[in-house]
Amino acid sequence: MIGRSTYFGSRAKRAINDIIGGSAASVLGTTFGLSYALLIFAGPLSPYLSYGIAATFVSSAVIATVIALGSSLPFGVAGPDSATAAVTGILAASLVERILAADPSAQLLSPVLITLALSTVVTGIVLCGLGLTRMGRAIRYVPYPVIGGFLGATGLLIVLGAVRVITDHPVQLNTLLRFTNIITISELSAACAMAFVLYVTSHRSRGPFGLPAVLIGGVIAAHLAFWIIGISSEQARAIGWTFQPPPPAAFMLPWHADELSHYPWSAVPDLLGNLVAVIFVTAASTLFNTTGIEVAVHREANLERELNVTGFANILAGALAGYAGCVSVSRTILNFSSGGRGRLSGLTAAAVSLLMLAVAPALLGYMPKFVLGGLLLYLGAGQLHKWIIESRKRLSNIEYLSLLAIIAIVVTWGFVPGVLIGVIIGCATFAFSAARIESIKFSFDGSEYRSSLDRSRDDQDVLLAHGGKIQGLNLQSYLFFGSANRLYQHVKALLLQQPECRYLLFDFKLVTGIDSSAAYSFAQIKRSAHDLGVHLVLVHLSASAEKVLRSSDFITDGITTIDELDHALEWCENEIIMQHQGLAQEAANLRDWFTRMLDSEDDADELIRRCQRIEVAAAEIIVRAGDAADSMHFILDGRVGIMVPADDGRATRVRSLGRYTTIGEMGLVSHAPRSATIQAEVASVLYVLNTRQFEAIKTDDPALGQKLLTYFVSVIAERLSFANQTIAVLRR
């Protein structure tokens with residue numbers, strides 16, 4: 001009964017944490033959603049903002065629900081993303097421009113909703129195709145400058161869209177004079193200040209609620225300022241400081257025969273480039289965001305599953321006239337930091353999104369423009385900083401110029417030329433890389449390929465037996481993201497096939513260069529090696545390759561770099577020999593102890609054979625009070641404490657035991673439950689004799705069993721005498 005109540009209590013606690021985490025993420029999701037609706041339904045589409053709000057939160061609810069139920073990251077929170085919203089806005093603006101050019105009085109809402117819905121459905125189908133065919137990783141073969149150019153352009157487009165949201169004016173040559181108005185300048189200044197505060201908060205605040213608190217605080221501060229200077233809410237809206245409240249969110253499915261028959265199908269060929277941009281950016285955001293979450297929470301996701309689930313979510317969102325989205329890094333990390341670990345977090349975010357269908361229009365009427373505009377400026381400037389400023393130190397001059405060129409082409413002429421230039425650059429890079437041979441010339445292990453150092457016969461025997469702990473890869477050619485990813489897959493398979501590996505050598509002697517994007521694959525190798533306790537050794541690393549790897553923080557204290565392969569092998573061999581000598585000395589110490597205890601080397605060897613060696617870290621619990629007494633422990637090295645639980649819930653140490661002592665022998669004989677908790681005080685090495693082996697000793701070797709019982713009695717008598725002396729002292 002107690003166990004059941006504990007189980008349900010634990011589940012209730014996890015559910016509460018998930019709801020809290022999902023609610024915290026919903027603060028960001030709601031604010032982001034409003035800004036995305038304003039970004040997409042701007043200019044000629046602003047009269048239909050209520051439909052845009054409905055599309056935004058329907059998309060958020062559907063995508064968050066599907067990904068919460070199906071993602072390999074159960075705590076993931078999803079919805080429309082800044083990059084996907086930017087390209088979706090460009091797609092909608094391109095359609096509106098063509099419709100108005102043909103007929104200024106034409107109806108805009110239905111064609112826009114149909115376009116957004118169809119693009120989302122097509123995006124979902126493509127994502128599912130990439131996931132089912134396992135081709136999703138192919139996006140990692142796209143050159144870094146191409147991806148950077150696309151995403152950098154989306155950042156600039158978000159910034160330009162933010163200016164339009166704040167001022168109601170697009171940034172064009174014929175509208176520049178409108179930005180000289182004092183109110184417009186004040187609005188832009190306030191938005192820039194808001195973006196700066198968001199930036200400072202995100203970079204200096206360690207708490208998960210920093211950004212939501214700033215956004216809420218910005219709204220409160222604005223209305224407080226209005227109240228101080230005597231401006232009412234209606235006056236603030238009239239002079240443009242807050243948004244005009246749209247009518248209640250209007251949900252509409254555009255799949256009517258009449259609407260489809262009046263759709264401007266002739267404009268579709270002109271929109272294909274923007275459609276490709278939506279698909280590309282959504283796929284890239286799905287993979288990059290998933291990877292970012294992996295790094296932040298130290299968990300590995302199934303990319304194929306993420307693509308399939310995100311694809312299905314977008315198909316369903318498109319069927320309901322929504323637009324594209326994917327898992328969100330900021331909202332997922334905020335949820336994780338708030339304690340959310342289960343799928344209820346994403347479902348909570350979805351429920352809040354549905355609630356916003358009723359609340360958001362009224363909420364928007366009290367939302368200062370500079371808050372949402374500042375958020376968009378912060379998101380867009382963050383993208384620009386990442387892809388234009390930070391990427392500079394990781395790219396060569398040609399790569400960086402290519403990135404800037406793609407950004408300029410996309411912003412100036414649209415995604416169609418950007419897509420074409422990106423494809424050309426990608427194909428050229430792929431052709432250049434594919435023309436080269438495999439990145440691994442040959443592999444070896446330490447049992448067959450050794451250093452030139454002459455060693456003693458004993459050391460040679462050690463290396464012959466344990467040389468497999470050294471695995472080496474001789475690398476060659478140019479390492480770019482695709483080939484480095486294949487190298488990562490090879491290393492993962494190698495470490496699975498060779499679980500005894502403890503030293504992994506990479507010989508870069510024949511490597512002609514390393515692309516900046518390859519550093520990510522090496523970071524994955526480093527993480528996999530660290531999880532398995534494998535030490536990485538880099539040999540013949542050129543100055544340029546070392547610069548690339550150091551700029552990505554791959555080379556740290558846990559990585560060893562050595563100039564020559566022979567010296568690297570010698571270093572690894574010395575480590576193995578030293579470790580083996582330590583184990584040999586440990587075995588000798590144990591044998592000597594048991595021999596003195598039992599007065600027989602044969603009995604000592606038999607007891608050693610029956611025991612199991614374990615290592616425990618400092619503060620690790622070895623056994624707990626109340627557990628079944630099914631074993632005893634011989635402490636070969638270290639120190640353990642006997643902890644007795646007190647009434648206040650804490651534990652008191654009643655005795656500490658050092659090396660060459662035993663513990664648990666009484667329980668081994670009496671089979672009574674443990675009366676105390678045994679905890680390692682320092683890192684310790686113990687040998688465990690369990691009940692089954694002890695009974696086997698008494699049956700197979702009665703003389704040894706009698707010696708052990710005699711030893712147990714002597715130990716218990718000694719401890720009883722010590723306890724009596726202690727009691728006598730305390731009675732004085």
Side-chain angles (χ1 to χ4, degrees), residues 23-24 26-39 41-42 46 49-50 52-53 56 82 158-171 175-205 207-247 330 334 352 356 358-382:
S23 300
S26 297
V27 175
L28 282 183
T30 299
T31 314
F32 286 174
L34 289 173
S35 63
Y36 298 157
L38 291 165
L39 185 66
F41 284 78
S46 56
L49 180 58
S50 58
I53 291 174
T56 295
S82 58
I158 291 173
V159 170
L160 297 176
V163 174
R164 186 169 187 172
V165 167
I166 298 165
T167 65
D168 293 325
H169 305 307
V171 181
T175 61
L176 291 181
L177 290 178
R178 299 180 183 178
F179 292 94
T180 59
N181 183 287
I182 187 64
I183 295 180
T184 302
I185 294 175
S186 301
E187 291 173 340
L188 288 174
S189 300
C192 291
M194 186 70 189
F196 178 75
V197 173
L198 288 169
Y199 170 82
V200 172
T201 302
S202 65
H203 284 74
R204 295 190 177 182
S205 173
F209 299 99
L211 291 182
V214 171
L215 293 170
I216 296 173
V219 175
I220 296 174
H223 284 281
L224 183 61
F226 295 157
W227 177 75
I228 291 174
I229 62 179
I231 297 178
S232 65
S233 298
E234 290 74 17
Q235 290 174 322
R237 294 192 192 104
I239 60 179
W241 278 98
T242 59
F243 295 99
Q244 293 294 331
S330 58
L334 176 58
V352 173
M356 285 299 106
V359 177
L363 178 66
L364 187 62
Y366 295 94
M367 184 71 68
K369 288 185 178 181
F370 74 86
V371 173
L372 291 185
L375 174 61
L376 288 172
L377 285 177
Y378 163 73
L379 295 174

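The first residue in the sequence is number 1, and the count goes up from there.
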Atom pair [atom1]/[atom2] of [X] and [Y] - distance to nearest 0.5 Å:
X	Y	atom1	atom2	result
Phe196	Thr201	CZ	OG1	9.5 Å
Ser189	Ile182	OG	CD1	8.0 Å
Phe41	Thr56	CZ	OG1	7.0 Å
Leu224	Ile229	CG	CD1	10.5 Å
Phe370	Glu187	CZ	CD	10.0 Å

Please give me the minimum heavy-atom distance between [X] and [Y], naming the atom from each residue.
X	Y	value
Pro368	His223	CD-NE2, 4.4 Å
Ala381	Val159	N-CG2, 3.8 Å
Leu377	Ala195	CB-CB, 4.0 Å

